[in-house]
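Below you'll find the structure, written out as structure tokens, and then a few comments.
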Amino acid sequence: MKNKILKSLQEVSLKIFPEFTGKFQVTKPQDSIHGDWSSNLALIMAKQMKKNPRELAIEIISSLGDLDYSEKIEVAGAGFINIYLKEDIFFSQIKNYALGNFKGLLVEEKPRKILLEYVSSNPTGPIHVGHGRSAAFGSALANLLKVAGNKVTQEYYVNDRGLQAKTLGLSVFIRMQELTNKKVSLPEGCYAGEYVKVLALKAQKHFKNKYVLKNSDNLFFKTINEWFDYIDSNFDNFLELSNYVIRLQTDEIKKDLKVFKVEFDNWFNESSLYEKDLIRTTISNLKNDEIEKKDGALWFKSTNYGDEKDRVLIRDNEEPTYFASDIAYHENKFNRNYDEIINIWGADHHGYIPRVKASIESLGLDSKKLKTLLIQFVSLKEKGHKVQMSTRSGEFVELSKLIDEVGIDSARYYFLARKTEQALEFDIDLAKKTNKDNHVYYIQYAHARICSIKKELKKRKINFDLKSSLEKLNLLKENEKEIISLVNGYPEILKQCYKNNELHPLCFYLRDLSSKFHSFYNAEKIISDDKDYSDAKIALSTAIQEIINNGLNILGVDCPEAM
RNA sequence: CUCCCGGUAGCUCAGCUGGAUAGAGCAUCUGCCUUCUAAGCAGAGGGUCGCAGGUUCGAAUCCUGCCCGGGAGGCCA
């Protein structure tokens, strides 16, 4: 509908003022008193033509003539053009929704193959609430992109090697010694969480006595490096232990995410890049004159592309940096022929973007294909004060614990109901509530109530035919028709979400729609003796029910029929 | 010092690709259950849109400067 109006107005604007180049809008007015659709065309055009906007608006309207979809067109305010739709047009959209027909709801004219990488947290510990936000967002965004007709591959990049992996191996190793009553202590920088002890138990079962210290060994190293030196000279294949616990921890992450309705198509191991020697290949693909040897290390001149400073690719100990493997990973993504590559990163990585873009350009690839979305931090609030979180000390709050506390639906909804640029303060007490204060509950309750009306119909053996009832929508009162206006606005909300890669407008919309329904429900009985009017109300309710179901599905939130 | 995000009602936040009287929820106050879920609804009060300039017919929205809060600036990942 919006496109139709846009087209009509565009034609007229060119007729009146052929040189017109301005960008005008057609929007749904906040207040339905201003019509079903409204445009600021005259205001924008008046600027270029140096004319009075109101007079111009009148000219535009007379030039528009009769439109087959419009009941009346008015000038209002400073020169807004307000369009009121004919009833059959007004009702056409809601009929589809009530019938559960959401075809064409969101259409991408050129469907794309999209690679969506998110979470990708180090498998050196459990997923915590910050990752949870990325997980909820990424999975819901994937749903949305799919609704529009795109092919989406969801991927998790596993940092299964390198110093952090080895450090986890050491942390587990030390905890394993405690299991045989050795006196050891965890040096600064090791992973201190309880999960390390769990890994130690499993590793001990798996490796038996392979990684046990002899009694005579000195057990009081103060630093990680001292430990590494000792281990490297006393144990042949320490990597085997590291790899083993990394694999276990990755499986834990998979499990936690699956519970949270987040399922990846690919788990891409960083180590696979090394197995195929792709780091070296990628470095050789960078522009030759942008690589230089300095201070014993190999550098990439990312400053050529506006980065703050040049970056090391290969350290002076010949070990490639994380950045080097990340370039190889990105090259690999590009080689897999996606139309668009989206990374969802924590906001703390924002300084990392310029160097990655630089490397992509140096590889001769199109960096415009790559889009990075940043997500701000999560903090938790309980009983009025902040819950302290820190990954290092092991005091972070695990996602699985939050889910145990507030449930999957609440957690997903509240992660999504905030725009990503905004730091999120997650109110645990609120998310636990089972009343209208909790928005997700409120939305689900609206849906359940509508289901319950349907049950009541059956119980009372009242016949209800949806199709014919949809022809009675005109019997609704004026204030009830305003809900139809909101219902008709659903695709606009989704389009906005789609265009801007955001989901919070959908959350707000569903909450708003539910609120309107609860009022409607409460005003008077839906099921009444006035059969036709009653049918119309049930038909409207059905459309709301279907939209809530559709919307919650995109968010990955359950939509129960009874509560 | 440089870069990123935020600053809107007592609290938590929408609105920010310039438009009509700045919106929700919570909290506060007042009402509403014999009948489809009161797990709910109706109503009221509450605002220098961080500050100061600028652009415009029109600025919470765009530009500049400043103030406050958070984050980033490793041969960690």
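Predicted model, so just to flag it, every value in this text is computed and none were measured. Just so we're on the same page: letters track the sequence lines, and every chain starts at 1. For the numbers below, each heavy atom of this structure counts, side chains included, while hydrogens, waters and symmetry mates do not.
For an aromatic pair to be called close, the ring centres must be under 6.0 Å apart, and A:Tyr509 with A:Tyr490 satisfies this.
A gap of 32 Å separates the P atoms of B:rG43 and B:rA59, to the nearest Å. Between the C1' atoms of B:rU21 and B:rC29, the separation comes to 25 Å (whole Å). Remark: the separation of the P atoms in B:rG50 and B:rA9 is 8 Å, to the nearest Å. Taking the C1' atom of each, B:rG54 and B:rU2 are spaced 26 Å apart, rounded to whole Å. Rounded to whole Å, the separation between the C1' atoms of B:rC49 and B:rG18 comes to 15 Å. Using P as the reference atom, B:rG15 and B:rU61 are 15 Å apart when rounded to the nearest Å. One P atom belongs to B:rG7, the other to B:rC51, and the distance between them is 13 Å to the nearest Å. Across B:rG46 and B:rG25, the matching C1' atoms stand 14 Å from one another, rounded to whole Å.
Cation-pi geometry between A:Lys293 and A:Trp299 is not met at under 6.0 angstrom from the ring centre and within 45 degrees of the axis.
Among the atoms of the strands shown, base atoms are found under 4.0 Å from some heavy atom of A:Ala76. Across all strands shown, A:Asn435 has heavy atoms under 4.0 Å from sugar-phosphate atoms exclusively, and none from any base. Residue A:Thr124 is out of contact with every strand shown, counting any heavy-atom pair closer than 4.0 Å. Across all strands shown, A:Phe508 has heavy atoms under 4.0 Å from sugar-phosphate atoms exclusively, and none from any base. Using a 4.0 Å heavy-atom cutoff across all strands shown, A:Tyr521 reaches at least one base atom of the nucleic acid. A:His34 comes within 4.0 angstrom of a base, heavy atoms only. Residue contacts shown for A:Ala46 are absent, as no nucleic acid heavy atom lies under 4.0 Å away. A:Ala523 comes within contact range of no nucleotide atom at all, as no heavy-atom separation falls under 4.0 Å.
Distances shorter than 4.0 Å separate some side-chain N or O of A:Lys436 from OP1 or OP2 on B:rC26. In terms of phosphate contacts, A:Gln422 brings a side-chain nitrogen or oxygen within less than 4.0 Å of OP1 or OP2 of B:rA14. Proximity of A:Lys525 to the phosphate of B:rC36: a side-chain N or O atom is located under 4.0 Å from OP1 or OP2. For the OP1/OP2 pair of B:rC41 and a distance below 4.0 Å, the side-chain nitrogens and oxygens of A:Tyr442 include at least one atom meeting the criterion. At the phosphate of B:rA38, OP1 or OP2 sits under 4.0 Å from a side-chain N or O atom of A:Arg449.
One N or O donor and one acceptor, one from the side chain of A:Asn82 and one from the base of B:rA20, sit under 3.5 Å apart.
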N/O contacts under 3.5 Å, protein versus nucleotides 42-45 of chain B?
| from | atom 1 | to | atom 2 | distance (Å) |
| --- | --- | --- | --- | --- |
| B:rA42 | OP1 | A:Ser519 | OG | 2.4 |

Collect all protein-nucleotide pairs involving nucleotides 75-77 of chain B in which both atoms are nitrogen or oxygen and the distance is under 3.5 Å.
| from | atom 1 | to | atom 2 | distance (Å) |
| --- | --- | --- | --- | --- |
| B:rC75 | O3' | A:Arg315 | NH1 | 3.2 |
| B:rC75 | O2 | A:Asp316 | N | 3.2 |
| B:rC75 | O2 | A:Asp316 | OD1 | 3.3 |
| B:rC75 | N4 | A:Asp295 | O | 3.3 |
| B:rC76 | OP2 | A:Arg315 | NH1 | 2.5 |
| B:rC76 | O2' | A:Gln164 | NE2 | 2.7 |
| B:rA77 | OP1 | A:Arg315 | NH2 | 3.3 |
| B:rA77 | OP2 | A:Tyr322 | N | 3.1 |
| B:rA77 | O2' | A:Asn122 | OD1 | 3.0 |
| B:rA77 | O2' | A:Asn122 | ND2 | 2.6 |

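Rounded to a whole Å, the CD atom of A:Glu421 is 12 Å from the C1' atom of B:rA14. Put simply, NZ on A:Lys537 is 14 Å from P on B:rC36, counting in whole angstrom units. Spacing between atom NZ of A:Lys419 and atom P of B:rA24 amounts to 18 Å, rounded to whole angstrom units. If you take CG of A:Leu424 and P of B:rU12, they are 13 Å apart, rounded to a whole angstrom. Rounded to whole Å, atom C1' of B:rG25 lies 16 Å from atom CG of A:Leu513. Rounded to whole Å, the distance from NZ on A:Lys357 to C1' on B:rC3 is 16 Å. For the pair A:Asp529 CG and B:rU35 P, the interatomic distance rounds to 16 Å; values are reported in whole Å. In this structure, CD1 of A:Ile44 is placed 15 Å from P of B:rU56, rounded to the nearest angstrom.
If you check the side chains of A:Glu398 and A:Tyr195, you find no donor sitting under 3.5 Å from an acceptor. With no hydrogens or angles considered, a side-chain donor-acceptor pair links A:Asn304 and A:Glu290 at under 3.5 Å.
Annotated as syn: B:rC33, whose glycosidic dihedral is within 90° of 0.
Remark: B:rC3 base-pairs with B:rG71; criterion is Watson-Crick or G-U wobble with both hydrogen-bond distances under 3.5 Å. When Watson-Crick and G-U wobble pairs are counted only if both distances are under 3.5 Å, B:rC41 pairs with B:rG31. For B:rA20, there is no paired base (Watson-Crick or G-U wobble, both distances below 3.5 Å). Pairing partner, B:rG65: B:rC51, with both Watson-Crick or wobble hydrogen-bond distances short of 3.5 Å. Under the Watson-Crick and G-U wobble criteria, each requiring two contacts below 3.5 Å, nucleotide B:rC26 is paired to B:rG10.
Taken to the nearest 0.5 Å, the CD atom of A:Glu425 stands 5.5 Å off from the NZ atom of A:Lys386.
Looking at every heavy atom in both residues, A:His128 comes nearest to A:Val397 through CB-O, 3.1 Å. The two residues A:Thr321 and A:Tyr274 make their nearest non-hydrogen contact at O-OH, 4.4 Å. In this structure, A:Arg133 and A:Phe377 approach most closely via the heavy-atom pair NH1-O, 3.5 Å. Between A:Gly551 and A:Leu510, the closest heavy-atom pair is C-CD1, 3.8 Å. For A:Cys497 against A:Leu506, the heavy-atom pair with the smallest separation is SG-N, 3.7 Å. Summarising the geometry of A:Ser302 relative to A:Arg311, their closest heavy-atom pair is OG-CG, 3.5 Å, with the distance given to 0.1 Å.
Of all the residues in residues 490-506 of chain A, A:Lys499, A:His504 reach under 4.0 Å from RNA chain B with at least one non-hydrogen atom.
Checking side-chain atoms of A:Ser362 against main-chain N and O of A:Ala358 turns up no donor-acceptor pair under 3.5 Å.
In this structure, the side chains of A:Asn332 and A:Phe268 come closer than 4.5 Å at one or more pairs of heavy atoms. Within the 4.5 Å cutoff, no side-chain heavy atoms of A:Val557 are placed close to those of A:Ile443.
Per the stacking criterion (ring centres < 5.5 Å, plane angle < 30°), A:Phe80 stacks onto the base of B:rA20.
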A:Asp530/A:Lys537 under salt bridge (charged side-chain N to carboxylate O under 4.0 Å, His left out): CA gap, chis, key distance, verdict: CA-CA 11 Å; A:Asp530 185 345; A:Lys537 291 174 91 168; over 6 Å; no
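Along RNA chain B, the nucleotide nearest A:Glu561 and the nucleotide nearest A:Gln376 are compared for position; the residue whose nucleotide lies closer to the 5' end is A:Gln376.
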